[in-house]
Number of protein chains: 2
Amino acid sequence: MPTINDVAKAAGVSPSTVSYVLSGRRPISAETRARVQAAIAELGFHPHAGARALASSKTNVIALVAPLRVDVNVPVIMQFATAVVTAARSYNHDVLLLTKDEGTAGLERVAHSTMVDALILMDLERDDLRIPALRRLKQPSVLIGLPQDHTGIACVDLDFGAAAREALAHLAGHGHRRIGLVGPSPAVYKRQTTYADRFLTGFLEASAELSLRTVTHPCEPGAEGVRSCLADLDAELDGLTALVVHNEEALRPLLDLLHATGRRVPDDISIVAVCPRDVATAMPIQLTSIDIPAHDVGTLAVETAMRLLDGRRVEYTRLLAPSLVERDSCREISTSHR
Amino acid sequence: MPTINDVAKAAGVSPSTVSYVLSGRRPISAETRARVQAAIAELGFHPHAGARALASSKTNVIALVAPLRVDVNVPVIMQFATAVVTAARSYNHDVLLLTKDEGTAGLERVAHSTMVDALILMDLERDDLRIPALRRLKQPSVLIGLPQDHTGIACVDLDFGAAAREALAHLAGHGHRRIGLVGPSPAVYKRQTTYADRFLTGFLEASAELSLRTVTHPCEPGAEGVRSCLADLDAELDGLTALVVHNEEALRPLLDLLHATGRRVPDDISIVAVCPRDVATAMPIQLTSIDIPAHDVGTLAVETAMRLLDGRRVEYTRLLAPSLVERDSCREISTSHR
DNA sequence: CCTCGTCGTCGAAGCGCTTCGACGATCGGC
DNA sequence: GCCGATCGTCGAAGCGCTTCGACGACGAGG
């Protein structure tokens, strides 16, 4: 492996000149630069990352802390990860992958040993124990999610409150007045990931504002969970004409169940789902849905980290506006049904 | 951030002694060791990764090159990644996540700049262009998959040939004689990932050995693909009593289709699936399946990399034996049907 | 009782890079 | 035509660690 000294000799300059050619931090004559670049290319020189990190205190690596349990939301997590890696590369950074279950210790390990310049975490809980630890690190962090007290730490997420409002507004605009919410599983609420609450709050607010009759229920996984959730919703409010589904894994069994019980979508019942685009379109009926913009969120998280790294200002809470895409699962309700 | 010098002063020893306490490469008296460790704990010392890498030429990081397109096989990829990260941590290594689409250049970048000690790649194609590049690197690599010419590079994978044989043997053992294979999508064959061929070859061999009547077909994604695949199978061989399904995403629509057309599983038709355990059990009917042991493969890949790193011998081709788990989708065929 | 080997520790060199200060050369302004 | 600023380059220091050789001290073997 050639070093910067080899390059310097080959180009007939000093090592520092090579360094300045590489970093552009000082003016170098076109002629010298060309000679140096030729030498670099010829020798196949790549600067030693460790040496660089040591001398410059920058690693050009960011940590991504992902929940790698084999979970329900695997596809979404993958999308986040993909977006983060891709975006990081576009800023000439690499990504070190950590699992959530290394917890606080893992964060401190990579931060203290200067393996990374910044951290991006996903799947934050309401009172996430990692947050105080994060504050103590010298590296900046960006959260994908919105825990309770995130003062001083940048957060990026979909605006789930607005998403709920948009879902209801859409249905109300189509004449629906009696609407049920199929929520995430109780486990999600228990895990205290705040998006569930934010969605629910938005849902209830919009329901009140629009004077709707609504009813909400969490939904256990599996066909049985869906069955009982729907039964509960029906029991608590009859004449439901629409469902908002904030539970990816419930979608499929829900559609099966509706089909089996002869309730046609959208003729008898309309549905707005909150899920990634591809899930909405992979269903037997194309679902009108509010996208979970994992790609945008991941990219934005990286951008934010980069701004933080070069000392630019950032907004500490960025909630992306939801966007509803109409497909085939909602229909205008005739006035007679209202 | 305290340095090794701070620790040395606090403990009243020289920096090299601290280093030897950390690495254990030279004997240190119990007393000194205790003093040093106390100083380390008190100061919260973590060795600087870059400095370490520079001085020792070891980074304690391995690269994981994953196909991060939003693909069909997302859950399996996640399982590989999880296993690799977890296993790597157990060897005190971290994982740098690269995307497959950085291609050869990405590999060379991280290898030449000494960011990683070893590489693990997944989703290898038959004549993968990255393989010659890998051979030129000074870091060892381990492949998850089995490309054509992998001389000198360690490979780890499920033995898909044996998996096919096991599936057929199981069905034959239950009296089935006319069996169809629902294969991966044509895109998979086109992509030249060899597992599809290995499975198919094993299937045909076993079919011959067991004197079965079999028919095989790739299966396009989506309900329509499944419908036409099944139609083709039925057309080419009537009286099918069993299906081997080597296509995760086809499972769901296939079961729907069979249900809709009144063919009961397993009463009218038996099924053996090749898919991760959790997919098999998430279906409306628990599927007898051959597991894709992503966790084991990932762990083994890391182990192999570690052996390579400390110069121990490894088997250059490790194909894990498949294991079939009986669930509810196969039944003994009565002799009258044979 | 002397020697040799081992144990425990130290000091110094060096890993490959960045960056600061210095310095000659060049150039524009008056 | 002279002075100060700017440009382009160099040398050296130093980032924090590992590792090699050296060296007392000490115990065992003859």
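Numbered from 1 within each chain, the chains take letters A, B, ... in sequence-line order. Source: prediction; values computed, not measured.
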Could you tell me how far apart Ile4(B) (CD1) and dG14(D) (C1') are, to the nearest whole angstrom?
16 Å
Is it true that Thr317(A) and His150(A) share a donor-acceptor pair across their side chains at a distance under 3.5 Å?
yes
Ranking dC20(D), dC17(D), dG11(C) by distance to the side chain of Ser16(B), first place goes to dG11(C)
Interatomic spacing from NZ in Lys58(B) to OG1 in Thr114(B) - rounded to 0.5 Å
13.0 Å
What does Ser29(A) touch in the nucleic acid at a heavy-atom separation under 4.0 angstrom: a base, only the sugar-phosphate, or nothing?
sugar-phosphate
Whole-Å gap separating C1' (dG16(C)) and CD1 (Ile40(A)):
14 Å
Pro27(A) near the nucleic acid: base, sugar-phosphate alone, or nothing, with a heavy-atom cut-off under 4.0 Å?
base
Short question: side chain of Arg35(A), backbone of Ala11(A) - any donor-acceptor pair under 3.5 Å?
yes
In this structure, how many angstroms lie between the P atom of dG16(C) and the CG atom of Asp6(A), rounded?
9 Å
Measure from the side chain of Ser56(B), starting at C-beta and using heavy atoms only, and say which of dT18(D), dC17(C), dG21(D) lies closest.
dT18(D)
Please report, rounded to the nearest Å, how far the P atom of dC15(C) is from the CE atom of Met115(B).
22 Å
Closest nucleotide among dC17(C), dG16(C), dC17(D) to the His48(B) side chain
dC17(D)
Select one nucleotide: of dC17(C), dG21(C), dT18(D), the one nearest the side-chain heavy atoms of Tyr20(A).
dG21(C)
Interatomic distance, Arg52(A) CZ vs dG16(C) P [rounded to whole Å]
15 Å
Residue mapping more 5' on DNA chain D - nearest nucleotide basis, Leu54(B) or Ser23(B)
Leu54(B)
Pair Ser16(A)-Ser19(A), side-chain donor/acceptor within less than 3.5 Å
no
What is the distance, rounded to the nearest whole Å, between atom CZ of Arg26(B) and atom C1' of dC23(D)?
12 Å
Looking at Thr3(A), does any N or O in its side chain come under 4.0 Å of the phosphate oxygens OP1/OP2 on dG16(C)?
no
For Ser19(B), answer base if it contacts any base atom (sugar-phosphate contacts may also be present), sugar-phosphate if it contacts only those atoms, and nothing otherwise; contact means non-hydrogen atoms under 4.0 Å.
base
Once you round it to whole Å, what is the distance between C1' of dT19(D) and CD1 of Ile28(B)?
13 Å
Asp94(A) side chain to Leu96(A) backbone, donor-acceptor under 3.5 Å
no
Gap between atoms NZ and C1', on Lys58(A) and dT19(C) respectively (whole Å)
14 Å
Just to confirm, is there a sub-4.0 Å distance from OP1 or OP2 of dT18(D) to any side-chain nitrogen or oxygen of Arg25(B)?
no
Does dC10(C) have its OP1 or OP2 closer than 4.0 Å to a side-chain nitrogen or oxygen of Thr17(B)?
yes
